[in-house]
Colleague: 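There's a structure below that I have some questions on.
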Amino acid sequence: MSDRARRMPRRHVPPWARFVARRLAAGLVVVWGTLTVTFFALHLAPGDIVDGLIGPGAAATPALRDQVIAENGLDDPLLVQYGRELAQLASGGLGWSYQLNEPIERLLGSQLGPTVELAVSALVTALVLAVLAAVLTAGRGRAVRGAAGLAELLMVSMPSFWLGIILLTVFSYRLHALPSIGADGPAALVLPTLALALPLAGVLAQVIRQELESADGRPFVLTARSRGLGATAVLLRHTLRHALLPLTTLAGFVLGSLFGGAVLVENIFTRPGLGRVLANAVGSRDLPVVSALVVISSAAFVVINTLVDVLHPLIDPRLREGGTA
Amino acid sequence: SDSSAPPSARNGGGTLRYGAAVEPDSWDPHAASTAVTGRLLRPVLESLVAIAPDGTVKPWLADSWTVSPDGLTYTFTLRTGVTFSDGTPFDAAAVKANFDHVTAAKTASKRAAGLLGPYKETEVVDPRTVAVHLTAPHSSFLGSVGSTFLGLHSPVALRDHAGDLSSGGAFVVGTGPFTFESVTPGQQAVFKRRTDYDWAPPTAAHQGRAKLESIVVLLLKEDASRVGALTSGQVDAAELIPANRLAGLRGRNGVQVVRKAIPGVPYTYYLNTARAPFDDPRARQAVRHAIDFAGIVKGIFQGEYEQAWGPLAPSTPGAEPSFAKPAWEYSKEKAEKLLDEAGWTGRDAEGYRTKDGKRLTAEQPYVQTFVSAQNHTFDVGVQDALKQVGIELKLVPLDSAGSIGRTGKGDYDVFAFAWQGSDPSLLGSLYHSRSQFGGGGANGSRVKDAEIDGWLDQADATVDAAQRAELYRKVQRRIVEQAYSFPAYIATMDVARHGKVDGLVLDVDANTDFYGIGVA
Amino acid sequence: MSTVTALLDRPAAATRRGTLLRSPARLAPLVLLAAVALVLVFPGVFATHAPEATDVAAALRPPGAGHWLGTDQLGRDVWSRLVHGTRLSLLIAVGATLIGVGGGALLGLVAGCGGRHVDFALMRVVDVLLGFPELLLALLVVALLGGGTVNVAIAIGIAGVPNYARLVRGQARLVLRSEYVEAARVLGVPVWRSVLRHVLPNVGGPLVVLASIGLGSAIISGSGLSVLGLGPVPPEADWGSMVADGKDFLQTAWWISIAPGLAVSVVVVCTTLIGRSMQLRAVR
Amino acid sequence: MTTTTEATAAQATAGDAGATVPGPLVRVEGLRVSFPGSPRPAVDGVSLAVGPGECVALVGESGSGKSVTSRSLIGLAGTRARVSARTLEVAGADAAGFGERQWRAVRGRRIAVVFQDALTALDPLRTVGAEIAEAARLGGTAGPDVDARVVELLTAVGVPEPEARRTQHPHQLSGGLRQRALIASALAADAPLLIADEPTTALDAIVQAQILALLGRLKAEGRGLLLVSHDLAVVAQLADRVLVLRRGEVVESGPVGRVLSAPEHPYTRMLLDAVPSGRPPARPAQAPRKAPGSEAPDTEAPDTEDVAPVLTGRGLVKSFAPDGPRALDGVGFTLRAGEALGVVGESGSGKSTLARVAMGLSRPDAGEVLLHGRPWSALPERRRRAERPAIQFVQQDPYASADPRFTVARIIGEALPGLRRAERARRCAELLDQVGLPAELLSRRPHQLSGGQRQRVAIARALAGRPQVLVCDEPVSALDVSVQAQVLELLDRLRRERGIALLFITHDLAVVRQVADRVLIMRGGSVVEEGETERIFEAPAHPYTRALLDAVLRLPGAGGARGADVTGRDDPEQDTEHVAGQDGEHVTKWET
Ligand SMILES: Nc1ncnc2c1ncn2[C@@H]1O[C@H](COP(=O)(O)OP(=O)(O)OP(=O)(O)O)[C@@H](O)[C@H]1O
Ligand SMILES: Nc1ncnc2c1ncn2[C@@H]1O[C@H](COP(=O)(O)OP(=O)(O)OP(=O)(O)O)[C@@H](O)[C@H]1O
Ligand SMILES: [Mg+2]
Ligand SMILES: [Mg+2]
């Protein structure tokens, strides 16, 4: 049916551009949806937001409570508060943290960079490791592949905070080879990157391996081998590309686990980062901060997923003809 | 001998890298709720008075002061020649600006305003004289004024950046020996020496500018990270070393541990006296007898910490001295007997005691993010100990909002927390019938004891130190006698340092005093 | 006979050589999982101590005769806690994975096989879910359903839904274009049945990998949530919270958290191996 | 087992055994290949040798082990295959102990292969140009020359518009184009030995002739050729020696002339007898013969005269890119009950596209298809479903049309809904038997079948639901003549007994002449000629039709039943040209 649609003359907008535009527009709706659910979730959770904001350890007087309530407009009807939140974000500003009493731009400004830095380096490392594991073991004997597979599985099943502590103990405390703390310089990035990347690499490598194994008997692989391609070459030129499809579909999962893992890893390695901010903000129901983070994270997912959907037809030409008809 | 060396040699410089265990929720002590804000900002923000290790009050930015006979007015004569690091001179107006900021609604102070007590207003008598008026006597006022929670910001900063103070860094300007250079949340805070500083309090080990050129405080919340950073030499000193790592650290060459018992209220179990089952003193006493505190303390803290007996840690000025020794005994038999007497004689299928068919159950809400792992483990130990005498202790995990909601309503049987502080007036916030949760206090046992109320009120009103101390001791004895609450253990602040760090001492609050530290 | 045996294709040779060796390798994960299941059903038979019984005099004993896996800081027997923790751990792991895979597969299949508009709308819903930090999602679920292990499993499961959904939908779109699904269409096989017969098994490969990994990460996520007070409530413990509790003792008493950590690994490794060999059996 | 030293030595020999090797390019004695789970070996004691400039052909029954034999020669018999041989020499080296590395040195460079599954043998994610370039690079072509080489190869195998085609992906190519691309990639490395497994199954007669001419030239240049084909005419044209296989064993071998003209083994004789005569079949009188379209009803078949068309196409247009070329450009057709409509034509002319549109699998850009006079192509899929079982399809690519995870039993069983388990198993076995397959295949998966077996499974599946209309896209292209005859006989019987209507796409003119009542000749997306089969074969009107008929190969030999002349026209000159045309260029020209 889309063959027909494609035939319709359109103004000179390339179809992919139209697709991206449509997706980003839908992305706005997605971000709004996420925000809305967040807002009501935090308000519905048992306990009073005010108490969360004031925190324990404070000698909360009724006056202080009233103060915080009035200050943040928490006595307004929920919908009014919701509208205010939306208006705030629509105006482009992220707002003011209830709990930390500082502008959210400042709060996040110093934290976004390190998180992105960590996430990107972990992602790249994970990908490289996963592909490397597949390439180095392709066509090897069962023992080698089995051992590699087992190692990947172990990586996968290890909590990243554990891995972090083990890495720290070995490389930082015992060997003094790498710093355990801070976010300055590439050296400080190595261990946290590994702690995040290894479990992820395990997952990716597993998916690649699975794809490779099921591709093994396909006729086109036979053809490639009949040309004299070795296992590695078949992998790099043919099967890896087939594995790319499920791999890129995992982008969202990857992003999520990078975010989630970052909370713990940032803690252990004493890196600044969004993970920490989020954990604090959720813990204390600091709604403006949570909202800002949710907007950032869901925007990130929208962009990533749009990218993946643009990539898919590039990877697999069979997906280029639209529709299922 | 130290102070006799020429200043240039003494103040050679160097940078201290310090591993802190907690990250402040706010860098404005006037607004903050956590003690750590004060702990880390002491080098920047100074107070009118200084508290000596024995609890006595010494002059600092105030040369002298007088208290009106009715206890309602404190008049301070300020030191001259003091400037804030932004160049603003320190004067009476600056003091007024600070106290007004603490009490301003917009600040939403979580702790400092409470310390000021029945504050009425500040009056600038002349540039060197400032009078603080209270609406009621408040004997702990001077002690409070000495804490960093009431440390003094530059009035210019208060005027121009009131909304930014919480972010820390260069917004926070004080008169202290260090300036606050920068902060990276989740990572570190950097302080730089002020070269023209010359007004250290008499409690300080030396005078003049600080020995350190700069301090880098690394915010290492994970115990393992903090200890690891120390052993691998990435920090020169680290605080709050967990008990289970102390033995290992002591054995290392070059590492030394500086230790001081943390003053204030130890980790304490408060039994809700306002409802069954713990409205019955026999039930409370039974619980106290049933728990092998000594054993649990030894197990969890590997013999590093000791059992506590009194409502205030022995190192707190004003703590009842007799509670340095055992005040009750661990005896399951006694516990069982008391419970039998209280009528909990039945047993159900799971072995818990019952009365009139109702199980002897107690609920303890807790917020896991605010309870340290050790304290949580302690709770679990207590849970099992109580089970052995037939009491079911249910640990109820809540988030902070949920827990505050429940404690505010009194919907719990047991609640446990610690409170750091160096003045016996803490007892007022914990046991006065006025100080209920949600009402500005933390009366965890929901005690309504006329005798205690009376003593506390008297103590607050009196200006005579000896009489005040005796009143607080009475309160403490009464609490133990009634078994309203019972403390678990005496925590210590253990700061480990490498050999090149010298002059590291802990102040009256068991906080590191950065001013005296030098790095070789 | 002077027949020279020529092994012309190496993998074939490997297969033949490995036949004997491989059967036990195939068997091992099954046996291990069966053992775990036994422990789950009859913890009392395997445990040597009561799981919550403290014995402070015996705190932090290393593994040895009296305590096979040592004791923790309250002197509780790690082995017995591990044994009794099996039920909760697997409840969280299996429950969350079932919810995640089930919900995800359903959403993904409907999106992948439905029309363009259905696909677009569903995938945006998935995007919304995806945008949530897991933590927040867990809070929401707990807010709506109350705390407890089951709800934690639900929360973790829901957090997994979008990932599985996207994966399934991507594969489904590919398989739906294949000629064999077309052939099924020609036979008059309804789309949903085609989906069940052709798409689902073909999507299975990556899904099995992810799901078996999901089993372990659910336990681990659970441990993360229990740090926030959302997990099992003491004295109950699952492996995840044991790992979390023991992490401060990794340097001084490694056995407290290594043992449950290994248990997680064993389950993940076994289920993955089984899942994969099932997968491969279907194509070889 | 091989020791390392042996392996290295073997590799060294394989590596530099170039043109200097005087002996055979490949020599195998007593080859035995078996698969676990099969009672009989797939190949049992086959011996053969191919020298430079020589063409050896493997012919024989479908499933007789031809493909497995040829795959074994490059060490790709399959992961679970057990291969043994008394002697195995490749490029002068003893390949008995070859490991993967040594085989790699052989593959592509010393021996190139065109696999039988041409339609699935190219990587679906890469352009055909990239695939050919990859092979060319492995053959030593480097840098900027590669692109030129790709175009040159595509041109050589007769792909029109090679510049445009090389940027396309396999799924955008017609079956014949894919096959030619695959051949091009096998030629790219200039290997001295080429194994071609059914290289022309998807090609029309003209293109086939072109490919055969190309192969003939290669042979003349001194390359060795191992040809696997069920088409005896092709074998006759190219091969020097021929081996006849049956159930994994060589039943007869010898020079091609001798074997084809004076077969000794009864099986060979049977095979030759089964070659379609190319003459009009003696149809039973009651077979419904329709005059096309609106013409007067055929008086000979009064029982069907008022039969309304079951499937009608009108003005069908289809293109795959907004402004791209039209794969269908105004095609119409009418199919009545009991009728067989043959569709022949140039490879890439839109035959498969027409079939897919007719099946309602692809929506036409214009025009419509009616089933029983009611809308069909315009219906939403949901409403078509109920009628689906009545109109069945045999896809051109039997490999791709079967779920790789399914066993044969499930593949066929899918077409038998609602049956009890035992009943279904019985029906499956029965259907397999109808297409000449043993029931033991029921538990196999597609990749464990031979090419012809897969094709028959697809046919069995299409027949399972007792359809009234059967659209077949090259249904017998992979079948040897005897099996092909059996299948065609089956279709004819169904047509007679059940009145099934057949839309039969094929490039094999002999087959179409045997099967079809009427024929559509397609070229470039349009029908260039349409008419009754006999009329078209006797008196082709369009020049393309004439060219097509002229290009048809036929078995040489001593007339009679065996001497097949598909064209039905006596043209001795043509005959000689074909027989002699082994190494001469065979170019057929026509005007449009
Ligand atoms: N991987 C496999 N597993 C089991 N049996 C197989 C496998 N591959 C091929 N066979 C069987 O081996 C026999 C020979 O197959 P082969 O493909 O060589 O036949 P063929 O002569 O090429 O037939 P066709 O002309 O139909 O292509 C067949 O019976 C086939 O079913
Ligand atoms: N999905 C597609 N995208 C683009 N072009 C296509 C697609 N499918 C077919 N074509 C083109 O349409 C034309 C007709 O293809 P079709 O498969 O119908 O040919 P055919 O007559 O069946 O040829 P053959 O005998 O070789 O199988 C060819 O040029 C082919 O390249
Ligand atoms: Mg074959
Ligand atoms: Mg075709």
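Quick caveat: nothing in here was measured; it's all calculated off a predicted structure. These values consider heavy atoms only, across backbone and side chains, with no hydrogens, waters or symmetry-generated copies. Numbered from 1 within each chain, the chains take letters A, B, ... in sequence-line order.
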Colleague: With chain C as the partner, which of A:Val31, A:Asp309, A:Val294, A:Thr36 has the greatest number of non-hydrogen pairs under 4.5 Å?
Modeller: A:Asp309
Colleague: Measuring from C:Leu174:CG to A:Ile315:CD1, what's the distance to the nearest 0.5 Å?
Modeller: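 These two atoms lie 11.0 Å from each other.
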Colleague: Under a 4.5 Å heavy-atom cut-off, does chain A meet the side chain of C:Leu215, its backbone, both or neither?
Modeller: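 For C:Leu215, neither part sits under 4.5 Å from chain A.
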Colleague: Which bit of C:Phe120 is near chain A, if near means a heavy-atom gap under 4.5 Å: side chain, backbone, both or neither?
Modeller: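 For C:Phe120, the contact with chain A is made by the side chain alone.
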Colleague: In Å, rounded to the nearest 0.5 Å, how long is the span from CG of C:Leu273 to CG of A:Leu150?
Modeller: 7.0 Å
Colleague: To the nearest 0.5 angstrom, please state how far the CG atom of A:Asn305 sits from the CZ atom of C:Arg124.
Modeller: 7.5 Å
Colleague: Give me the atom names and distance for the closest heavy-atom approach of C:Val128 to A:Gly33.
Modeller: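 Heavy-atom minimum between the residues: CG1-C, 4.1 Å.
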Colleague: Of all of A:Val29, A:Thr38, A:Asp316, which one pairs up most often with chain C through heavy atoms under 4.5 Å apart?
Modeller: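 The option with the most such pairs is A:Thr38.
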Colleague: Measure distances from A:Val290 to the heavy atoms of chain C and classify the residue's part below 4.5 Å as side chain, backbone, both or neither.
Modeller: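 Interface part for A:Val290: side chain.
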Colleague: What option among C:Val125, C:Val264, C:Leu167 has the most heavy-atom pairs under 4.5 Å with chain A?
Modeller: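 Top count of heavy-atom pairs under 4.5 Å with chain A: C:Leu167.
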Colleague: Hey, are the side chains of A:Leu255 and C:Leu130 touching, using non-hydrogen atoms and a 4.5 Å cut-off?
Modeller: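 In short, these two side chains do not touch, never coming nearer than 4.5 Å.
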Colleague: Please flag which part of A:Ile296 lies under 4.5 Å from any non-hydrogen atom of chain C: side chain, backbone, both or neither.
Modeller: neither
Colleague: Just verifying a value: how many Å separate C:Gln171 CD and A:Thr249 OG1, rounded to the nearest 0.5 Å?
Modeller: 6.5 Å
